[in-house]
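Labels below follow one simple rule: chain letters A, B, ... track the order of the sequence lines, proteins then strands, and each chain is numbered from 1.
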4 protein chains.
Amino acid sequence: MKRIQILKAGLKLFVIHGLHAVTIAQVAAEAKVGIGTVYRYFKSKEDIVQQIWILQKSEESLYIFKNYKAVGSIRTQFNFLWERVISYFLEHPLEFQFSYQFAASPVLTKDIHEVAMKDFLKFDELFEAGIKEHLFKPLTSRHLRLFTFSTINGWILWAIDEKMTIDREVIDMFIEMSWDAISI
Amino acid sequence: MKRIQILKAGLKLFVIHGLHAVTIAQVAAEAKVGIGTVYRYFKSKEDIVQQIWILQKSEESLYIFKNYKAVGSIRTQFNFLWERVISYFLEHPLEFQFSYQFAASPVLTKDIHEVAMKDFLKFDELFEAGIKEHLFKPLTSRHLRLFTFSTINGWILWAIDEKMTIDREVIDMFIEMSWDAISI
Amino acid sequence: MKRIQILKAGLKLFVIHGLHAVTIAQVAAEAKVGIGTVYRYFKSKEDIVQQIWILQKSEESLYIFKNYKAVGSIRTQFNFLWERVISYFLEHPLEFQFSYQFAASPVLTKDIHEVAMKDFLKFDELFEAGIKEHLFKPLTSRHLRLFTFSTINGWILWAIDEKMTIDREVIDMFIEMSWDAISI
Amino acid sequence: MKRIQILKAGLKLFVIHGLHAVTIAQVAAEAKVGIGTVYRYFKSKEDIVQQIWILQKSEESLYIFKNYKAVGSIRTQFNFLWERVISYFLEHPLEFQFSYQFAASPVLTKDIHEVAMKDFLKFDELFEAGIKEHLFKPLTSRHLRLFTFSTINGWILWAIDEKMTIDREVIDMFIEMSWDAISI
DNA sequence: CATGAATGAGTGTTCATTCAT
DNA sequence: CATGAATGAACACTCATTCAT
């Protein structure tokens, strides 16, 4: 409960002002808890960032894979999942910016990334199936996943930046861009 | 001279340890100048980061557009420029990581980005020409540029991360992926 | 019961780590009681130290004066009592170290010392008798007591420090040293 | 210069209020330097205490052994040195109390003690010579030194405590007490 | 009577910035 | 123009103390 409050407060403030410009006192105030309480749940400022990352990726995957069944054509599943990814980030711009800013940050170790990413391995299974059907360019499933996530990041970044109204048509076009990039 | 030393030292340390974990004293030591000297050239830590960004983008564009002539087919020019971008970052992994980490950082204001990006507007001209020839999906030239840069960033990130040996063939395939994504 | 547990736990931890390096939470854990319980019995950290001191001196005097009768020659009584003091501390090294470290600590007020020391005034009576018999150098009984306690402390400190095996002979010699110092 | 100021300030405040009741800010203020300056010279609060101890023992030995020549009878040398020790502490009550309070403190490691005590090994040489002449009870020179220092500590403690006026006669008597204790 | 989660004042420590040399 | 010792505001973090359960 308080743990989640703190993580949500941290996410918001770190995104807006940057890690080095946010004090623990500010995080505590935003989370409406005492400073000491922050340290009851987290052992340091870096720990907070790492736990935000893990929580974030967990919520992300929960949203994305809700109602997902690995049935139907590869393309259908691809459309379904990427539509979910896009929807999630468009509905959660703060969370998206956190993901973008901290993806390459030195405070996130390999271990943290590994833990946080484990739910996303289902994407690899999808790509694996596509590779078997010779639908994709000759890359590993891991690289296909990373590439498509990259394209999505860049695209959402500008969508949020310019406060565009995103309609179905645009989303569909974007998914097509991703598909066209990796398919033969 | 000393100015450049300081910027190079800062870039290296910020990438490796993160902005908040690097002190001005460390930057001064790495640059082999006194702390006071840092303040003769830059008015604050944030100023250093901003100036690194500007210098970085300037060197990047110099490398990319060297020998570039806006002649030949759109595809030929596209291939030429993206090959240069990829080559630059593969040869300068530290600079790449700096670009990646700070692209969405709150310390870089819109003004700084505008100044730093002005040399890259040539890309927009190329995309503009492509749009006129109806080669691309219905997006603005700016969005086409942002999208392709984003895909390239994601790709180089794992190329560096996994210490892959990147040969011509792989680069060519990647450029094709980018092209396929945006072309009709 | 719990009161004593807390005092014993505090004594042990304060001796090993030093007053400033021990938290109430650690004392509570060592005593196997809750933090709140500590505050039910003591009003502050300083209070704990003071109560340890008082308990300690009380247990010490109980041990020392057990079976003591103020009869026989001064020398006989002197030997008896100092042998008891030495035995007590050799059997209770932790308690000794606490006594040594906190004897001159600013957290122990004059009042506390007065309360804690009242059982030891029997020593003064012995010295008083010795003074009357002209056995001692021209000092007050109080000074004779302080002096002999001081010598004993120094001696036990290294005995414990060097984990010497202390036999009767050594103890006898040491008591003789103390006696020789103050006697005419 | 500033280093010494800080150590002197620390000694004074630690003795009066106790280690845990003195803040670095107070030490800095007493030393008339900035807080940051304290950390330019010392890496932590504990380091300050340790360096005070070392400086203290160094100044002590300098005072004691000034003009000392290892000639004349053992007794003459003994008298000379112990008179110096007593004089030093009577003239420097604050320094004495520091010595007394921190002698058994856990912040002073074996290493620190070893470094600090090396100048006092000259005492051991004197005792060694006395042992050869069969003047002393059967103890090692090291133990003779520790014992006599203990006696002195106890004695000075009360002398300072009661603000006695100490004249030659009293000092001479005390030296005699120490001598009587260890001599056969 | 017992507990330990919650608190925030207070502390040690850091580090961007200044300025005398 | 270069330096780095000096500074103290500001921070991360601790821990004695409280109080609802």
Have a look at B:Phe98 and tell me which of B:Phe96, B:Phe102, B:Tyr100 forms a ring pair (Phe, Tyr, Trp, His ring centres under 6.0 Å) with it. B:Phe102

With both distances under 3.5 Å as the test, what is the Watson-Crick or G-U wobble partner of E:dT14? F:dA9

Closest heavy-atom pair and its distance - A:Ile6, A:Ala31: CA-CB, 3.7 Å

Watson-Crick or G-U wobble partner for E:dG8, using a 3.5 Å limit on both distances? F:dC15

Flag yes if more than 12 heavy atoms outside A:Lys12 fall under 6.0 Å of its NZ atom; otherwise flag no. no

Just checking B:Val33: base, sugar-phosphate only, or nothing, at a heavy-atom cut-off of under 4.0 Å? sugar-phosphate

Whole Å only: how far is the CD1 atom of A:Ile35 from the C1' atom of E:dT11? 13 Å

At less than 4.0 Å, is any side-chain N or O atom of A:Tyr39 found next to OP1 or OP2 of F:dT14? Yes or no. no

Hey, which sits more toward the 5' end of DNA chain F by its nearest nucleotide, D:Lys32 or A:Lys43? D:Lys32

Tell me which one of B:Gln56, B:Lys57, B:His92 satisfies side-chain hydrogen bond (donor to acceptor under 3.5 Å, both in side chains) with B:Ser99. B:Lys57

Nearest-nucleotide comparison on DNA chain E, the residue closer to the 5′ end among B:Val22 and D:Ile24: D:Ile24

With a 4.0 Å cut-off on heavy atoms, is A:Thr37 in touch with a base, just the backbone sugar-phosphate, or nothing at all? base

Does F:dT21 have a Watson-Crick or wobble partner in any strand here, with both distances under 3.5 angstrom, and which is it? E:dA2

5' precedence on DNA chain F between C:Arg40 and B:Gly34 (nearest-nucleotide basis): B:Gly34

Measure from CG on A:Leu19 to C1' on F:dA12 and round the result to the nearest Å. 12 Å

Contact class for B:Tyr41 vs. all strands (heavy atom < 4.0 Å): base, sugar-phosphate, or nothing? sugar-phosphate

Tell me: CZ of D:Phe14 to C1' of E:dG12, nearest whole Å? 12 Å

For A:Glu46 and B:His20, which heavy atoms make the closest approach, and how far apart are they? OE2-NE2, 3.4 Å

Hey, which sits more toward the 5' end of DNA chain E by its nearest nucleotide, B:Lys45 or A:Lys2? A:Lys2

